[in-house]
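Following: one structure in structure tokens, then a few remarks.
Position 1 is the first residue of the sequence, and the numbers go up from there.
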Amino acid sequence: MIVLNSYTDKKNNSKMNFNGKSSHINTNVTIGIITFERCESLKRCLISIEESIDIVRENSIDISVIVVEDSCDGKFCEINLSDFHFRLIHVKNEAKLGVPESRNRVIDMASGDFILFIDDDNEIDSMMIPELVYFARKNDFGVIGPQAYSSNFASKTYSGFRRTRFLGRNIEVYSDEPYFEVDDVQNCFMFERKVALSNAIRFDPKYTHEIGIFCLRFKQLGKKNFIINAAKTIHHNEGSHFTIATFSYAWLARFRVWKEEGDIFPILFSPLSILAYDIYYFINYMDKLTIRNGLLALKNSYLNALKGLLA
């Protein structure tokens with residue numbers, strides 16, 4: 001791993017708002033963005049953070065951003081660091097580490113009170129970070145995340161997940177309450193850095209879809225995970241997420257969670273739930289998937305479920 005570039009906003013000091021008025025900074029947030037060959041998505045995400053910086057500082061929050069590119073062919077995005085008025089570090093993985101280890105790299109480098117991971121295909125609302133921090137300042141929690149919306153925040157698209165007695169981590173939860181408890185958050189989430197460090201909570205590199213396991217670690221400390229409705233993000237849901245090589249591996253993580261929580265019913269019903277889950281993704285996200293590749297993806301799902309059961 002090498003650091004390509006870093007930029008510190010010297011023109012607009014972290015203790016000054018853009019209007020020149022002094023502001024007491026009492027919360028620091030390190031934002032981690034893991035990206036892989038999605039330069040346009042990354043740029044859109046960074047611009048949305050830049051557009052929120054004035055409001056962030058007005059709410060006594062200082063942010064720094066660590067971008068980790070996990071490329072396997074030596075091609076990396078060009079980031080004009082001077083376009084952004086926050087501390088920005090651009091990191092390049094010389095060898096592909098995968099998302100979990102790249103997130104662990106951010107945890108190792110972070111200095112903020114909180115660590116906020118934002119997937120590169122998210123575009124955040126200008127109040128998302130202040131709303132998350134406002135909740136974090138006043139509540140004990142494990143992991144918190146925003147509500148995801150479709151383009152232009154027209155409608156809610158998905159939220160956090162609760163595991164059910166029969167189906168496990170397959171039920172999305174929505175609520176009109178200001179915040180509500182979930183088992184798992186999704187691709188944009190925040191947690192307290194010192195809690196993670198003091199309890200050695202990290203992302204497990206053996207699991208591609210490791211967020212469920214990560215959230216479970218906080219629950220095992222007696223903490224609760226929440227979705228904050230006033231915190232909003234647009235998840236553009238780039239198609240590259242849904243490939244044979246990625247979504248089927250989610251079953252490894254699910255079985256790990258079920259086994260640790262002693263949920264026998266999701267394991268027993270997994271042959272049916274795997275079939276239903278994969279068909280759902282075929283219909284909604286894999287328009288160009290051939291029948292052959294669809295069957296291959298289903299086979300991979302069952303093989304990984306078996307691995308999860310035996311792990």
Side-chain angles (χ1 to χ4, degrees), residues 32 34 98-108 110 114-119 132 135-136 139-148 158-175 179-228 231 241 246-270 273-274 277 301 304-311:
I34 314 303
V99 173
E101 285 288 32
S102 295
R103 284 179 171 149
N104 288 335
R105 179 69 66 185
V106 172
I107 292 176
D108 292 337
F114 302 100
I115 298 175
L116 170 63
F117 280 104
I118 304 175
D119 274 13
L132 290 175
F135 180 90
N139 296 276
D140 182 35
F141 71 98
V143 184
I144 55 176
Q147 173 63 60
Y158 70 86
S159 187
F161 284 85
R162 284 184 188 157
R163 287 184 289 278
T164 67
R165 184 173 178 83
F166 295 103
L167 295 180
R169 184 187 174 274
N170 284 9
I171 304 300
E172 294 184 45
V173 184
Y174 295 91
S175 174
Y179 60 90
F180 53 95
E181 184 180 355
V182 295
D183 289 307
D184 303 345
V185 298
Q186 285 298 291
N187 59 51
C188 188
F189 56 95
M190 190 174 82
F191 54 94
E192 192 171 0
R193 174 172 163 265
K194 68 178 182 180
V195 173
L197 293 178
S198 62
N199 292 279
I201 300 177
R202 296 174 69 81
F203 294 92
D204 194 326
K206 296 190 297 294
Y207 299 91
T208 302
H209 292 255
E210 79 297 333
I211 298 178
I213 299 173
F214 187 77
C215 290
L216 178 63
R217 296 292 172 255
F218 287 88
K219 287 184 62 181
Q220 290 170 335
L221 297 177
K223 296 182 178 294
K224 296 180 179 180
N225 305 321
F226 298 96
I227 294 295
I228 315 304
H241 279 294
T246 56
F247 79 86
S248 62
Y249 295 151
W251 293 105
L252 280 170
R254 291 188 186 117
F255 270 83
R256 174 73 174 269
V257 170
W258 295 340
K259 289 172 66 177
E260 288 197 26
E261 292 202 316
D263 291 336
I264 187 64
F265 286 105
I267 294 175
L268 293 176
F269 282 98
S270 61
S273 57
I274 289 174
Y277 196 82
S301 288
N304 281 286
L306 181 61
K307 290 179 184 178
L309 182 61
L310 298 177

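- For the side chain to side chain donor-acceptor pair (under 3.5 Å) test, no residue two or more places apart in sequence or in another chain qualifies with N139.
- I211 has its side chain out of reach of V143: every pair of non-hydrogen atoms, C-beta onward, lies at least 4.5 Å apart.
- Under the 3.5 Å distance criterion, the side-chain polar atoms of D204 are matched with a main-chain donor or acceptor of K206.
- Using bins of under 30°, 30° to 60° and over 60° for the plane-to-plane angle, the ring pair F203/F191 lands in the perpendicular bin.
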**Report entry** Test side-chain contact (heavy atoms from CB on, under 4.5 Å) applied to D263 and V257, step by step
**Finding:** CA-CA 8 Å; D263 291 336; V257 170; 5.8 Å; no
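- Partners of R202 by side chain to side chain donor-acceptor pair (under 3.5 Å), not counting sequence neighbours, listed by chain and number: D108.
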(message) For a side-chain contact (heavy atoms from CB on, under 4.5 Å) check, start with the C-alpha distance between I107 and I201, then their side-chain angles and the critical distance, and finish with the verdict.
(response) CA-CA 10 Å; I107 292 176; I201 300 177; over 6 Å; no
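- Atom NZ of K224 is surrounded by 12 or fewer heavy atoms from other residues, nucleotides or ligands within 6.0 Å.
- Scored by the side chain to side chain donor-acceptor pair (under 3.5 Å) test, E192 finds no partners at all (sequence neighbours excluded).
- Summarising the geometry of V182 relative to G160, their closest heavy-atom pair is CG1-CA, 3.9 Å, with the distance given to 0.1 Å.
- With sequence neighbours left out, the ring-ring contact (aromatic ring centres under 6.0 Å, His included) criterion links F114 to no other residue.
- Nearest approach of P146 to L132, heavy atoms of both residues: N-CD2, 4.2 Å.
- Of the candidates E101, E210, R103, P205 forms a side chain to side chain contact (heavy atoms under 4.5 Å, CB included) with just one, namely E101.
- Counting heavy atoms from C-beta outward, V173 and D183 have side chains that stay 4.5 Å or more apart.
- A heavy-atom distance below 4.5 Å is found between the side chains of V195 and L221.
- The CD1 atom of I144 lies 10.0 Å from the SG atom of C188; values are rounded to the nearest 0.5 Å.
- Atom NZ of K259 is separated from atom CD1 of I264 by 10.0 Å, given to the nearest 0.5 angstrom.
- Between the CG atom in N225 and the CG atom in L216 there is a gap of 9.0 Å [rounded to 0.5 Å].
- Taking the six-membered ring for Trp, F141 and F226 have ring centres at least 6.0 Å apart.
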Item to check | CA sep, side-chain torsions, deciding dist, call: I227, V185, side-chain contact (heavy atoms from CB on, under 4.5 Å) | outcome: CA-CA 7 Å; I227 294 295; V185 298; 4.3 Å; yes
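- For the salt bridge (Lys or Arg N to Asp or Glu O under 4.0 Å) test, residues two or more places apart in sequence or in another chain that qualify with K223 are D140.
- Without hydrogens or angle criteria, R162 side chain to E181 main chain gives a donor-acceptor distance under 3.5 Å.
- Residue M190 comes nearest to A136 through the heavy atom pair CE-CB, 3.8 Å, listed as atom of the first residue, atom of the second, then distance.
- More than 12 heavy atoms of other residues, nucleotides or ligands shown are found within 6.0 angstrom of CZ on F180.
- With sequence neighbours left out, the side chain to side chain donor-acceptor pair (under 3.5 Å) criterion links Q220 to R217, E260.
- Under the 3.5 Å distance criterion, the side-chain polar atoms of R193 are matched with a main-chain donor or acceptor of A110.
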